[in-house]
Amino acid sequence: MKEPASAAPRMLSHDLPVSAEFETFMAGDWAATPLPADIRPAVAELTPARRARLSARFPGERLIVPAGELKVRSNDCDHRFRPHSAYAWLTGLTGEEQAGHVLVLEPHGPHRHEAVLYVRPRSPRTDSGFYQDRRYGEFWVGRRPDLAEAERMTGLRCARLDAYGRVPPGRDATDDAELASVLSELRLVKDAWEVGQLQLAVDHTAAGFEDVVRALPRALAHPRGERWIEGVFGLRARAEGNGTGYETIAASGAHACVLHWIRNDGPLDARQLLLLDAGVETDSLYTADITRTLPLSGRFSSVQRQVYDLVLAAQDAGIAALRPGARFRDFHRAAMRVIAQGLTEWGVLKSPEGDRHRRYTLCGSGHMLGLDLHDCAQARAESYPDGVLEEGQVLTVEPGLYLQPDDETLPAELRGIGIRIEDDLVVTADGARLMSGALPRTPDAIEAWMGALIDG
Ligand code: GLY
Ligand code: MN
């Protein structure tokens with residue numbers, strides 16, 4: 001996982017050669033531009049306790065948690081960088097300039113570790129990289145902290161990334177299953193600051209959904225209305241936070257029967273529904289994950305309402321099953337009992353028993369939510385999917401019905417309808433608090449909300 005100690009500055013064939021005189025000229029006459037004294041973010045006060053909990057699980061072992069590397073998107077253009085969630089959680093560092101950095105917990109005696117952060121510091125003006133290096137140079141991608149500033153920012157001992165090449169091997173979070181699993185489990189219960197960040201993500205997401213509803217007349221007129229919607233939500237996500245926490249699903253009509261429809265290249269039809277599954281990721285990298293299924297005309301047809309009401313009843317049953325000590329799978333089972341019963345009453349199933357209802361629901365009804373969309377995914381089965389809920393966990397409840405357009409087990413009027421309702425909740429001492437209650441859930445409330453936003 002180690003990167004070459006000192007990669008040459010990235011330049012391209014069309015970059016102009018540099019004369020010795022120019023190089024000398026560029027090396028001088030720059031004013032000092034120190035970062036402000038108070039650059040330590042609030043989260044830096046929380047990270048020592050997080051690292052201490054990790055340290056206690058691996059006494060005497062060297063632990064390596066890389067931020068990750070830049071990935072080429074095309075030729076010399078990289079994807080936007082987002083640090084690995086475990087790195088962000090342990091350091092509080094979330095910016096694009098973290099690419100290539102590595103946190104090492106160095107064992108100090110049998111019972112503790114010293115954290116050392118290996119960083120690529122700001123290049124001195126005596127080194128041409130600051131104006132020549134397209135990938136990391138300050139005049140190409142922006143200022144980065146020098147070592148002293150990085151220490152002030154993080155409260156960690158910082159060392160140059162070049163020196164990371166001399167660090168002996170250790171357990172690496174990117175390829176050590178046990179370390180990855182412990183890191184996932186340590187993140188299962190959110191602290192108050194994390195719940196606050198998730199609420200912020202949810203609130204920005206609610207604003208993005210309102211933007212989309214206001215933009216529906218314009219989107220309906222566009223030949224790729226789904227893309228228009230993706231763009232409108234993306235504007236809110238990028239303006240308020242780091243961006244979207246995952247690719248927006250803007251699925252009109254039967255596209256909603258494709259669980260992760262992210263092609264978003266279809267038109268909108270006012271007689272159909274729009275399934276919008278989207279989340280804003282905060283600058284601190286916590287993401288919301290909300291789905292609403294909306295009638296594009298502003299009014300549900302009776303058959304759309306019938307399907308919607310069943311999914312809503314399933315979601316209500318799932319939410320009612322959330323409490324500390326309940327098994328994680330209980331809320332899914334509660335939601336599925338309602339769905340199977342409803343499908344039986346419609347005559348689609350002969351009986352609610354067994355698992356035939358899964359033809360129409362396809363996936364689980366929710367997941368942990370946090371720095372990752374599907375958070376804590378490396379946790380052991382006994383502490384997450386087969387475990388019990390704990391106060392402070394944040395999760396989604398998102399049952400759906402996906403009635404495929406070519407499904408001959410279904411009456412014609414139901415075919416091509418896809419409905420998911422997804423909310424974000426935090427488990428409390430005696431139940432769960434709905435974090436996404438700013439967005440309407442019932443058909444009547446959705447119609448009133450859409451009417452007010454479009455006509456109001
Ligand atoms: N909302 C996307 C997902 O949960 O997979
Ligand atoms: Mn989800």
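Indexing begins at 1, ligand by ligand and atom by atom, following the structure's order.
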Enquirer: Given D133 and R120, is the salt bridge (charged side-chain N to carboxylate O under 4.0 Å, His left out) satisfied, shown in steps?
Expert: CA-CA 13 Å; D133 186 343; R120 180 181 286 100; over 6 Å; no
Enquirer: Could you pull out every donor-acceptor pair under 3.5 Å between side chains of residues 344-351 and any protein atom, sequence neighbours left out?
Expert:
from: T344; atom 1: OG1; to: A340; atom 2: O; distance (Å): 2.6
from: E345; atom 1: OE2; to: Q341; atom 2: NE2; distance (Å): 3.3
from: S351; atom 1: OG; to: E353; atom 2: N; distance (Å): 2.9

Enquirer: Quick test of your reading of the model: are E61 and R171 salt-bridged, counting only N-O distances below 4.0 Å?
Expert: yes
Enquirer: Could D269 and R271 be called an ion pair, given the rule that one side-chain N must be under 4.0 Å from one carboxylate O?
Expert: yes
Enquirer: Tell me, which residues have any heavy atom less than 4.0 Å from some atom of ligand 1?
Expert: Y246, H260, D277, D289, H367, H374, E398, E422
Enquirer: Going by side-chain contact (heavy atoms from CB on, under 4.5 Å), name the residues that satisfy it together with E240, two or more places apart in sequence or in a different chain.
Expert: H204, R236
Enquirer: Charged N to carboxylate O under 4.0 angstrom, D406 versus R415?
Expert: no
Enquirer: Do D78 and R134 sit within salt-bridge range, that is, some charged N less than 4.0 Å from a carboxylate O?
Expert: no
Enquirer: When you check the space around the Mn ion (ligand 2), which protein N, O or S atoms turn up under 2.8 Å?
Expert: D289 OD2, H367 NE2, E398 OE2, E422 OE2
Enquirer: Can you name the one residue among R238, R82, R80 that meets salt bridge (Lys or Arg N to Asp or Glu O under 4.0 Å) with E281?
Expert: R82
Enquirer: Answer yes or no: is there an ion pair linking R292 with D423, defined by an N-O contact shorter than 4.0 Å?
Expert: yes
